[in-house]
Novice: 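Please find one structure pasted underneath; my questions will follow.
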Amino acid sequence: MATERYEELSPSEFFYRNRELAGFTNPSRSLYTAIRELFENAMDACELHGIRPEILVVLREMEKTSQETAVYRLYVRDNGSGIPERHILDALGRVLYSSKYVLRQSRGTFGLGGTMALLYGQITTNRPIRVVSATPGSKKIYEYVFKIDIRNNRAQVISIRRHRNSENWHGTIIDFMLEGNYPRVKSKIVDYFKYTAAIAPYAEITFADPDGRLFFFRRTSSKMPKPPKETKPHPHGVDFETLRKMLMAADPSTTIKDFMKRSFHRVGEKIAKSFLAYAGISPDTTVGEVLGDKGDGLLERFYRALQTYDKFLPPSADVLSPIGEEALREGIMKEFHPQYLDVVVRPSSSYKGHPFIVEAAVAYGGGIPGEPGEVVLFRYANKIPLLYDEGNDVARKVLNSINWSSYRKPQDGPIAFFVHICSTKVPFKSVGKEFIADVPEVEREIELAFRELLRRLTRYTRRILRRAEAEKRLSAFRRYLPQIARFATGLAGKRKVPDVEPLLEKVKERYGLEASGGSQEAGTPPSSPSGTRRRCRKGRSG
């Protein structure tokens, strides 16, 4: 019988062998994923520090490798916070080394995608990676050229250069080669930038593609969303191993009451005492005693009580950074110029101890893509456009479950729904971050947002139909009333034909046609205040 051979894999080697898990499935999808991951890191580097993003992405074809694939040079430059010199090689040359491993809303979730993009480039082209970075106020700009040692999960430095930062530049440049198939995925890449610009009107995005086309998405707003904040775990959001790790990191002499106050989100003196009484644990018990094994199952009792105690305060959404109604409206108007647009921001909610906010919009007309009567869905999570696997997403499930006969929607063009979920932990179903799991709490908030938008759209559509019918009726009155007045005057033997204008004015007043002059107000839902209408018209003309 053959003897089994056992060996250990480094994180780099594991993802090298299983890169499909991170979205690097084929040359076209891998090219899209690489651009997306590095662009998202660039956006986070700006937004987390309150810097208005100015991001340049250049993709050039260097050589053909087959009929369908080629080697491309990908250059991504941002004006963000940069990477401190001591972290450059680890942040980009090691898998599972990142600044993302804190409890905070961010585009990056696993601290994996940027390094995976560079790793994919190396294994498909065997070319080195160039990184240039400087932090705000740094007197030097650091330039590293390196490869990734897959077996040992670390960077192998080829060269280091340090330049004087005479212009006080800050940000990061990543420049490397990778194999891909741009013709097959170019529409997705352009859509990705366009859909990002639709929710980030404060960003300036430039993309130069291999076909010589330049796509420029201008900034139309200087107002940045508030940066997300790092937060502590909520008691309902920890599992047994997380709790053990938190306890082991604490001073063993710390009382369990003080541990709870310092370690958990929204747990103060009163709630800590109430919880410990519920758990049957003395407030003076130390962390060391909870971790110590005395056969009384103290640690397990503590954990079980955390899961069942129902008087903890819900997690606060103050740590989140939603898009905001104004920015969402501005961005959609800038990129799609719809005839009608309405936005809903749901109150914050939570699942498994993680706060989340659902923002949604509905639009039709203008530049909304699709066929007449089609329902188009634009999905976002922590400000990331999700372009793949829509059929598996919870938002599409909600749309498919709606009884459309209960609502009235326009049939002369496509109708688009936009939905954004921001959270300290978005429930993605895969490392590729392309679709969201049907968590009941998230599903409910999306459904409530969509139904509210549909009710408003139905009221608006009915108003427009009534107005169109009234305009048709008024047109008939204008055509026939003067003739009726002349015939009636002759039959009565009178000479002066009565003025029918006062009667027409009464008809206009009755059907609400006087204020609008009989025309539809573009871009304005019936429930929107007049100030919003002014913003919509301005955004559309801009």
Side-chain angles (χ1 to χ4, degrees), residues 8 10-11 48 84 86-87 90-91 94-106 108-112 153 227-321 348-356 423-428 439 441:
E8 180 183 2
S10 73
L48 290 174
R86 66 183 183 276
H87 292 302
D90 285 333
R94 289 177 63 185
V95 173
L96 301 182
Y97 183 98
S98 175
S99 63
K100 308 290 186 182
Y101 302 138
V102 296
L103 198 57
R104 179 181 62 197
Q105 173 191 333
S106 69
T109 302
F110 305 105
L112 175 67
N153 191 32
K229 302 175 185 175
E230 185 178 344
T231 186
K232 300 173 183 177
H234 189 272
H236 288 164
V238 297
D239 56 28
F240 195 91
E241 287 305 316
T242 301
L243 177 62
R244 189 199 301 273
K245 183 179 177 181
M246 292 169 64
L247 287 164
M248 291 179 69
D251 186 337
S253 63
T254 303
T255 65
I256 198 66
K257 183 187 72 174
D258 288 341
F259 166 79
M260 292 191 66
K261 290 162 57 179
R262 295 172 188 172
S263 304
F264 288 118
H265 179 54
R266 301 193 76 184
V267 174
E269 181 85 14
K270 184 178 178 180
I271 289 180
K273 284 183 175 179
S274 173
F275 165 77
L276 291 170
Y278 167 82
I281 300 173
S282 169
D284 296 325
T285 302
T286 65
V287 167
E289 290 172 335
V290 173
L291 284 171
D293 185 9
K294 296 183 178 179
D296 54 3
L298 193 57
L299 176 57
E300 185 172 349
R301 180 152 39 107
F302 182 43
Y303 172 70
R304 299 300 174 197
L306 284 176
Q307 304 306 302
T308 56
Y309 184 68
D310 60 2
K311 293 183 181 178
F312 288 121
L313 295 174
S316 170
D318 291 343
V319 299
L320 299 179
S321 175
S348 62
S349 187
S350 65
Y351 81 97
K352 295 183 180 179
H354 300 286
F356 71 91
S423 177
T424 51
K425 186 178 181 182
V426 175
F428 290 113
V439 174
E441 296 88 343

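All values derive from a computational prediction rather than experimental measurement. The analysis underlying the following values was restricted to heavy atoms, covering all of them including side chains, and did not include hydrogens, waters or symmetry mates.
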Novice: How many angstroms lie between atom CD1 of I256 and atom CZ of F259, to the nearest 0.5 angstrom?
Specialist: 5.5 Å

Novice: What is the minimum heavy-atom distance between F240 and E300, and which atoms define it?
Specialist: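 Heavy atoms of F240 and E300 come nearest at CE1-CA, 3.9 Å.
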
Novice: Got a list of side-chain donor-acceptor pairs under 3.5 Å for residues 271-282, not counting sequence neighbours?
Specialist:
from: S274; atom 1: OG; to: Y309; atom 2: OH; distance (Å): 2.6
from: Y278; atom 1: OH; to: T308; atom 2: OG1; distance (Å): 2.8
from: S282; atom 1: OG; to: D284; atom 2: N; distance (Å): 3.2

Novice: Less than 4.5 Å apart, side chain to side chain, heavy atoms only: is that true for V267 and K232?
Specialist: no

Novice: Quick check against the 3.5 Å criterion: does E289 have a side-chain atom that pairs as donor or acceptor with the backbone of T255?
Specialist: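 Not at all, since once roles are kept as given, no pair shorter than 3.5 Å links the two residues.
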
Novice: Can you tell if the side chain of S348 reaches within under 4.5 Å of the side chain of L320, non-hydrogen atoms only?
Specialist: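 SC-SC contact between S348 and L320 ruled out.
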
Novice: State, to 0.1 Å, how close T424 and H354 come at their nearest heavy-atom pair, and which atoms those are.
Specialist: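 Between these two residues, the closest heavy atoms are OG1-ND1, 3.6 Å.
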
Novice: Would you say the side-chain atoms of S423 pair up with the backbone N or O of P355, donor to acceptor, closer than 3.5 Å?
Specialist: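 Present.
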
Novice: Could you list the residues that satisfy ring pair (Phe, Tyr, Trp, His ring centres under 6.0 Å) with H236, not counting sequence neighbours?
Specialist: H234, F312

Novice: Could you walk me through whether V426 and F356 pass the side chain to side chain contact (heavy atoms under 4.5 Å, CB included) check?
Specialist: CA-CA 8 Å; V426 175; F356 71 91; over 6 Å; no

Novice: I need the M260 CE to E269 CD distance, nearest 0.5 Å.
Specialist: 11.5 Å

Novice: Can you establish whether the number of heavy atoms outside K352 located under 6.0 Å from its atom NZ is more than 12?
Specialist: no

Novice: Please confirm whether the backbone N or O of S316 pairs with a side-chain atom of H265, one donor and one acceptor, at under 3.5 Å?
Specialist: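 Such a contact is found between H265 side chain and S316 backbone.
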
Novice: Enumerate donor-acceptor pairs with a distance under 3.5 Å from any side-chain N or O in residues 241-251 to protein atoms, sequence neighbours excluded.
Specialist:
from: T242; atom 1: OG1; to: D239; atom 2: OD1; distance (Å): 2.7
from: D251; atom 1: OD1; to: S253; atom 2: N; distance (Å): 3.0
from: D251; atom 1: OD1; to: S253; atom 2: OG; distance (Å): 2.9
from: D251; atom 1: OD2; to: S253; atom 2: OG; distance (Å): 3.4

Novice: Measuring from atom CG of D318 to atom CZ of R266, what distance do you get when rounded to the nearest 0.5 angstrom?
Specialist: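 CZ of R266 is found 8.0 Å from CG of D318.
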
